[in-house]
**Q** 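Shown below is the structure under consideration.
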Amino acid sequence: VVKLNATTVTPWGFRMGTAITWQSGLPFSVIRRSGSLDAVPPSLAAIGLPAIRTRSSYPDGIRNSGRNISWWNVNTRFTREMNLSRGMHLQLSAEVYNLLDSQVLQIYNPATESGVRINGENEARITTGRSYQLSGKLTF
């Protein structure tokens with residue numbers, strides 16, 4: 001993952017900024033989980049309760065065998081600050097998130113910070129498309 005943040009102030013009083021991110025395609029693991037009755041603990045076997053232990057394995061033999069596609073994310077911000085009468089100050093901002101409108105399926109689990117596909121089911125998310133935000137701030 002490579003991130004670049006930049007900002008500048010123009011001679012006309014506009015502040016422009018951008019945040020650019022490139023992800024090379026983070027890896028994910030293909031996992032097969034199944035129940036197994038081969039190792040019942042003696043304490044549970046004595047009272048007659050079946051104990052199923054979950055077994056995890058990599059069907060292709062290696063961890064992180066899959067790879068997400070690489071993608072870009074570009075966010076921009078334009079801000080104009082103005083001094084008004086009586087000591088008031090006005091700030092207007094316009095922001096565009098995901099300027100390239102790239103909606104990418106990422107096999108990724110934010111809780112474990114890793115990509116996982118378990119028994120053919122992806123722990124996945126789709127990145128949100130382009131969105132806009134307008135804001136204003138008046139201080140007095």
**Q** Would you say that Tyr97 contacts Thr128 through its side chain, given a criterion of any heavy-atom pair below 4.5 Å between the two side chains?
**A** no

**Q** Sub-3.5 Å donor-acceptor pair from the side chain of Asn75 to the main-chain atoms of Asn98, do we have one?
**A** yes

**Q** Would you find a donor on one side and an acceptor on the other, under 3.5 Å apart, between the side chain of Ser93 and the backbone of Arg77?
**A** no

**Q** Tell me, do Ile20 and Trp22 make a side-chain contact under 4.5 Å, heavy atoms counted?
**A** no

**Q** Verify the distance criterion only: is there a donor paired with an acceptor across the side chains of Thr18 and Thr76 at less than 3.5 Å?
**A** no

**Q** Test your reading of the model: is there a side-chain donor-acceptor pair from Arg32 to the backbone of Tyr58, 3.5 Å cut-off?
**A** no

**Q** How close do Gln103 and Thr127 get, heavy atom to heavy atom, and via which atoms?
**A** CA-OG1, 3.4 Å

**Q** Which pair of non-hydrogen atoms, one from Val30 and one from Pro59, has the smallest distance, and what is that distance?
**A** O-CD, 3.3 Å

**Q** If I take atom CZ from residue Phe140 and atom CG from residue Leu90, how far apart are they, to the nearest 0.5 angstrom?
**A** 12.5 Å

**Q** What's the separation between atom CG in Asp60 and atom CD1 in Ile31, rounded to the nearest 0.5 Å?
**A** 10.5 Å

**Q** Nearest heavy-atom pair of Glu81 and Arg15: which atoms, and what distance?
**A** OE2-NH1, 3.2 Å

**Q** Does a side chain donor of either Arg55 or Ser34 reach within less than 3.5 Å of an acceptor in the other side chain?
**A** no

**Q** Please round to the nearest 0.5 Å and tell me the distance separating atom CG of Leu84 and atom OG1 of Thr139.
**A** 8.5 Å

**Q** To the nearest 0.5 Å, what is the distance between CD on Glu95 and CZ on Phe78?
**A** 10.5 Å

**Q** With rounding to the nearest 0.5 angstrom, report the OG1 to CZ distance, Thr8 to Phe14.
**A** 13.0 Å

**Q** Which heavy-atom pair separates Trp72 from Ser102 by the least distance, and what is that distance?
**A** O-OG, 3.2 Å

**Q** Going only through I, L, V, M, F, W and Y residues with side-chain contacts under 4.5 Å, is there a path from Ile69 to Ile126?
**A** no

**Q** Provide the closest heavy-atom pair for Arg80 versus Gly13 in the form atom of the first, atom of the second, distance.
**A** NH1-CA, 3.4 Å

**Q** Would you say the side-chain atoms of Ser65 pair up with the backbone N or O of Ser29, donor to acceptor, closer than 3.5 Å?
**A** no

**Q** Would you indicate whether Arg63, at its atom CZ, is surrounded by more than 12 heavy atoms from other residues, nucleotides or ligands within a distance under 6.0 Å?
**A** no

**Q** What about Met16 and Val96, same hydrophobic cluster or not, with Ile/Leu/Val/Met/Phe/Trp/Tyr joined at side-chain heavy-atom distances under 4.5 Å?
**A** no

**Q** Asn68 pairs by side chain to side chain contact (heavy atoms under 4.5 Å, CB included) with which of Ile107, Leu105, Val104?
**A** Ile107

**Q** Measure the CG-CE distance between Asn83 and Met88 for me, rounded to the nearest 0.5 Å.
**A** 11.0 Å

**Q** Any idea which heavy atoms bring Val1 and Gln23 closest together, and the distance?
**A** CG2-CG, 3.8 Å

